[in-house]
Each structure stands twice: as structure tokens, then as C-alpha cells.
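Below, chain A is the first sequence line, B the second, and so on; all start at residue 1.
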2 protein chains.
Amino acid sequence: MNIIPSLSIDCVIFGFHEKKLKVLLLEYDKEQLDAPVKNPDAFAPYTETEPDGKFPYEKPIGLPGGHVPVDRSINDYARDILETATGIKDIYLKQLGAFGETERVSFLRVVSVVYYALINPEHYSIRGSSLLKSLEWYDIDKVPELIFDHNAMIEKALKRLREEVQIRPVGFHLLPEMFTLTQLQQLYETVLGIELDTRNFRKKIQKMHLVVDTGKMQTGVAHRAARLFRFDKKVYEMLAEQSFSFRV
Amino acid sequence: MNIIPSLSIDCVIFGFHEKKLKVLLLEYDKEQLDAPVKNPDAFAPYTETEPDGKFPYEKPIGLPGGHVPVDRSINDYARDILETATGIKDIYLKQLGAFGETERVSFLRVVSVVYYALINPEHYSIRGSSLLKSLEWYDIDKVPELIFDHNAMIEKALKRLREEVQIRPVGFHLLPEMFTLTQLQQLYETVLGIELDTRNFRKKIQKMHLVVDTGKMQTGVAHRAARLFRFDKKVYEMLAEQSFSFRV
DNA sequence: TCAAAAGTGTTTGAAATACACCCATGT
DNA sequence: ACATGGGTGTATTTCAAACACTTTTGA
């Protein structure tokens with residue numbers, strides 16, 4: 001199976017844990033660089049090398065990504081990468097855009113189509129498939145210098161997430177199945193970088209009919225247990241399509 | 001100069017004229033299909049052919065586009081296409097996203113990065129550079145069947161424009177230098193497909209300080225002449241960066 | 001009993017909506 | 001003089017913002 005040499009996919013995978021927005025990064029190593037040659041059907045991280053065969057980074061950390069096989073659509077392949085990196089399916093995934101500066105990869109002309117994904121912290125401890133051992137969550141504001149233009153990709157994805165979260169109720173994808181209203185509020189506070197008034201926030205959320213009380217309560221916390229909510233899939237799907245104002 | 005065979009650019013160019021949203025389309029013809037071979041530095045419309053060298057459409061109408069030269073960034077090349085198609089510079093241009101279904105072009109695997117542009121109807125009658133004779137404005141709701149997945153591209157661009165227009169004050173790019181408030185209102189009514197109350201619309205617009213009275217008046221109209229406004233570049237630039245709510 | 005977070009209502013000001021008539025211009 | 005769109009204000013309702021104390025739980 002062949003890949004398209006001038007086209008790659010990268011995925012910005014967001015998570016939310018302990019009031020922090022996180023991004024999943026991969027430390028590439030020399031063995032992995034040969035992977036697509038040995039196992040062309042497998043997930044293929046960046047494989048371009050300098051003419052002398054060396055990878056031009058000391059400690060190459062970057063977004064999970066790979067070159068697009070000729071027989072995979074870019075959307076499908078982005079999902080493949082995501083599944084390989086996280087080991088889970090049914091992830092919220094959206095295209096961010098194409099990055100195509102001529103020198104973005106120093107030794108090869110390659111355009112990268114970037115996706116961003118929102119994942120649920122129930123899967124926080126996943127470590128990806130066996131192919132990818134060195135996956136790690138990084139605080140969004142502690143991302144190190146990455147390969148190529150991956151820092152710019154994350155910045156743009158974050159900017160988009162901030163916009164998206166105000167237009168569509170996508171924030172829920174970053175929360176577990178059942179969550180407290182405080183968690184939801186903290187999510188918005190973190191993503192938007194603002195503080196919200198608890199009472200006003202709750203009023204607004206309740207009025208949207210987007211969350212329903214599960215009847216269950218938090219357990220094992222050293223303070224009053226909070227109600228657990230889940231979001232209403234039907235209302236969500238209605239609201240998710242038609243862009244709507246989600247000003248919190 | 002070489003092109004990247006698996007990567008093309010297409011531009012959805014929007015215009016606004018007589019209360020109608022328009023899109024600029026190109027009828028490709030057999031001679032143009034050879035153009036990049038004869039003149040590789042020139043604007044290169046679609047050049048893929050079936051194995052027998054024929055183009056698989058009877059009357060191939062589509063978006064202006066071309067294959068990316070290896071030494072041009074995708075953003076720069078989108079701008080090249082736009083300038084070739086319209087003959088004007090300084091156009092509002094934004095990336096929409098990449099289209100990458102495996103079969104989107106039946107005879108070749110090619111991923112297209114799509115841009116959308118908003119142009120000012122003062123340039124409405126431009127007919128592009130001499131290379132492109134058969135450019136034509138189409139009503140957005142009278143677009144014929146186009147080559148490849150270009151209809152889907154236009155649909156997606158329109159959806160994005162509708163969102164954009166509510167978040168950023170981009171609508172102004174579709175108006176001439178000086179415009180009446182009625183024109184501005186009609187623009188929003190057309191793009192969003194809704195009716196707006198004149199008095200409320202004017203109140204809201206004025207309060208944004210985005211338009212300033214030029215002191216000039218309409219002439220030659222068979223009714224009371226309207227004031228002409230232009231939009232305030234400084235305020236515009238402030239508002240354009242930070243996404244803001246532009247609910248009209 | 002203390003610490004830590006959950007949970008809850010009311011008041012005030014701002015913005016959104018609904019709505020109808022006179023004005024200026026060209027034909 | 002008439003047809004066509006330009007231009008304006010007020011009253012009502014809805015939404016956003018500000019703000020403080022009591023409750024529950026585990027340690």
C-alpha cells in the first residue's frame with residue numbers, strides 16, 4: 001500500500017483533567033521512523049528524513065500524525081491515527097485546516113491537514129497502541145518546542161476550540177459520561193480563560209435543557225457530594241448542527 | 001517549475017449584487033487543460049484527465065483552482081488563483097479546509113485545499129485575466145452541477161460564511177467602499193436567509209461604531225437619496241481579530 | 001468541629017423586540 | 001401626484017450581571 005508523500009495528517013488531541021486543558025503528544029524515536037517501511041499498513045508517524053537519513057531533531061516531540069495512504073480518505077485516516085494514538089473509538093473529531101508553508105518541513109515539501117479531537121478523561125490514562133509507547137499529556141501552556149510547525153498547529157486548534165465552544169455545545173466531549181455542574185463550569189473557565197459566576201452559570205445551563213440530572217451523586221469526596229448530570233443526546237444533536245449561541 | 005500532483009487548491013469566490021449572493025465559476029475548456037504544460041508558470045486549472053486524455057465532463061464548470069507549485073505556499077497560491085481569476089488584489093481570503101475523499105476526482109487521488117473569498121461588487125464586472133475567459137457569476141441558489149465535489153465545497157463555504165458573519169464583521173468585504181445601511185441590512189438578510197427589522201438593525205449597527213457617515217449621499221435613485229457610510233478600518237481591525245458576537 | 005465545595009434567589013440595568021408613520025427623490 | 005425606498009422613537013419584555021449565605025460531607 002502506498003502513501004502520498006506530499007500529504008500528511010496531524011491530530012491535536014485535547015483532554016481536560018484537574019482544571020487543566022491538555023494535549024496529547026508523542027515522542028518520536030529512531031525506530032519508529034522506519035515503521036512504515038517495515039509495516040506499511042500500520043500507523044505511520046513522520047518518516048521524512050534529511051538526505052543523510054537523519055531526523056533533524058534531538059528530542060523530536062510532536063503531534064500524532066502520519067502520511068495519508070492513497071486509498072484512505074483524509075477524514076478516515078485522521079480517525080485511524082486517533083484510534084491508534086488513544087485506543088478508543090467514537091471520538092469527537094473535526095478538521096482544523098491545512099498547513100502548507102513551503103518550508104514547514106525543512107527537507108521535504110509536505111502539506112499537512114490538521115484535525116482536532118476532544119477526548120473524555122475517562123480515557124485519560126490510555127497509552128495508545130503498542131506502536132506508540134511514548135505518548136504523553138502536556139498542559140496546554142507547558143507544551144515544549146515541537147517538530148516542524150506543530151506548535152503553531154496547537155495554537156490554532158486552541159483558538160478554534162475557544163470559538164467552537166461558544167457556538168456549539170462541544171465542551172461536553174471533554175467531560176466524562178457523568179459530570180458535576182462545577183466540572184462543566186471549570187471546563188468553560190479553563191477553555192475561555194475567564195471566571196464565571198456559579199449561580200448565573202447554573203441558571204443558564206439548566207435553561208438550555210442540555211443536561212439532565214442522573215439522580216446519582218458523587219462519592220468519596222471530602223465535601224458535600226455533588227449531583228451528577230449527563231447531557232441529553234437528543235437536545236445535543238439538535239443544537240450541534242445548527243450553529244447556536246452558547247455564550248456562558 | 002513543478003507542481004504537486006496530489007494537491008490542488010480551489011477558491012469559492014463570493015460576491016453580492018442586487019440582493020443576491022453570487023459565486024464565481026469557470027467553464028473549463030479543452031485548451032485550458034493543456035495550459036500548465038505550455039506555460040508552467042501560469043495559473044493552472046484542473047489538468048487531470050482520464051487515462052485516455054479526455055476530461056470526463058461534457059460541460060465542465062467548476063471553481064477556479066489549480067495544482068500547487070512545489071515552491072509556493074498554499075496560502076500564497078490561493079491568492080495567486082484569486083488574483084488571476086479576478087484581476088484584483090487585497091481580497092479577503094480564508095481557508096475553508098481540505099477535501100480528501102479518495103474518489104473525489106475519479107481518475108486521480110488528489111486532495112484539494114479550499115479557500116473562500118469575499119469580493120466587493122465594484123469589481124463585479126471583472127472577467128479575470130486573459131487566461132480565463134469563461135468566468136461567470138452564478139446565483140448561489142442557481143449553481144449548476146459542477147465538476148468533482150465542487151458543489152459540496154460551495155455548500156460548505158456558504159455554511160461557514162453564515163457562521164463567520166455572526167462572529168466577525170466580515171460582511172463588509174462584500175460591499176463597495178461606500179454603502180447605504182439598507183445595503184448592509186440586505187446583505188445580512190441574504191446571507192442569513194432571515195428578515196431584519198430596519199429600525200432595530202440601524203440602532204445596533206450604529207452602536208457598534210463600525211460604520212461612519214461619509215457625509216455623501218446616493219445620487220440618481222428614484223426615491224429619497226440614502227446616506228453613504230463606510231466602515232471604520234481601525235474599529236474593524238480591533239473587532240476582526242478577537243472573535244466577537246455580531247448578532248444582527 | 002473544621003475545611004471545602006455544593007447549592008440556591010432576587011434585584012438592577014442593558015439589550016432585544018415589536019411596531020407605524022412621514023420624508024425626499026425621479027418619473 | 002405617485003411610486004419607491006429612506007429614515008426615525010417608544011414601550012415592553014427578556015436576558016445578563018451582581019451579589020452572600022446555608023448545606024453536606026470526610027477528615
J.: Can you check the B:I194 CD1 to C:dA18 P distance for me, whole Å?
T.: 12 Å
J.: Over how many whole Å does the gap from A:F229 atom CZ to C:dG7 atom C1' extend?
T.: 10 Å
J.: If I compare all heavy atoms of A:P64 with all of A:I13, which pair ends up nearest, and what's the gap?
T.: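 Residues A:P64 and A:I13, closest heavy atoms: CG-CD1, 4.1 Å.
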J.: Nearest of D:dA18, C:dA16, D:dG7 to any side-chain atom of A:N200?
T.: D:dA18
J.: Please state whether the phosphate of D:dG6, meaning OP1 or OP2, lies under 4.0 angstrom from any side-chain nitrogen or oxygen of B:T182.
T.: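 For B:T182, the contact criterion (side-chain N or O under 4.0 Å from OP1 or OP2 of D:dG6) is met.
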J.: Please verify the inter-ring angle class for B:F172 with B:Y236; under 30° counts as parallel, over 60° as perpendicular, anything in between as tilted.
T.: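 The arrangement is perpendicular - the two ring planes meet at more than 60°.
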J.: Using atom CD of B:Q185 as one end and atom C1' of D:dG7 as the other, report the distance to the nearest whole Å.
T.: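 Nearest whole value for this atom pair: 12 Å.
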J.: Please report the shortest heavy-atom distance between A:A225 and A:Q218, naming the atom on each side.
T.: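 Closest pair (atom of A:A225, atom of A:Q218, distance): CB-O, 3.2 Å.
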J.: With a 3.5 Å cut-off and just heavy-atom distances, do the side chain of A:K203 and the base of C:dT8 make a donor-acceptor pair?
T.: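 Answer no: no donor N or O sits under 3.5 Å from an acceptor.
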J.: Which of the following nucleotides, C:dT8, D:dG7, C:dA6, is nearest to the side chain of A:T198?
T.: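 Selected nucleotide (nearest to the side chain): C:dT8.
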J.: By nearest heavy atom, map A:Q206 and A:H223 onto DNA chain C; which one lands nearer the 5' end?
T.: A:H223
J.: Could you give the CZ-to-C1' distance, from A:F201 to D:dC15, as a whole number of Å?
T.: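 The distance from CZ of A:F201 to C1' of D:dC15 comes to 17 Å, rounded to the nearest Å.
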J.: Counting any heavy atom closer than 4.0 Å, what does B:R202 reach on the DNA or RNA strands: base, sugar-phosphate only, or nothing?
T.: base
J.: Write down the distance between CG (A:L228) and C1' (C:dG7), rounded to a whole number of angstrom.
T.: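 The distance from CG of A:L228 to C1' of C:dG7 comes to 14 Å, rounded to the nearest Å.
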J.: Using atom NZ of B:K204 as one end and atom C1' of D:dT8 as the other, report the distance to the nearest whole Å.
T.: 17 Å
J.: By nearest heavy atom, map A:R199 and B:M217 onto DNA chain D; which one lands nearer the 5' end?
T.: B:M217
J.: Without decimals, in angstroms, what is the distance between B:R224 CZ and D:dT8 P?
T.: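 Going from CZ in B:R224 over to P in D:dT8 covers 7 Å.
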J.: Under a 4.0 Å N-O cut-off, is there an ion pair linking B:R230 with B:E177?
T.: no
J.: Which whole-number value in Å describes the distance from A:I205 CD1 to D:dC15 C1'?
T.: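 Whole-Å distance recorded here is 15 Å.
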J.: Of all heavy-atom pairs between A:L196 and A:I194, which one has the smallest distance, and what is that distance?
T.: CD2-CD1, 3.9 Å
J.: For A:T219 and for A:K207, find the nucleotide of DNA chain D with the closest heavy atom, then tell me which residue's nucleotide is more 5'.
T.: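 This one resolves to A:K207.
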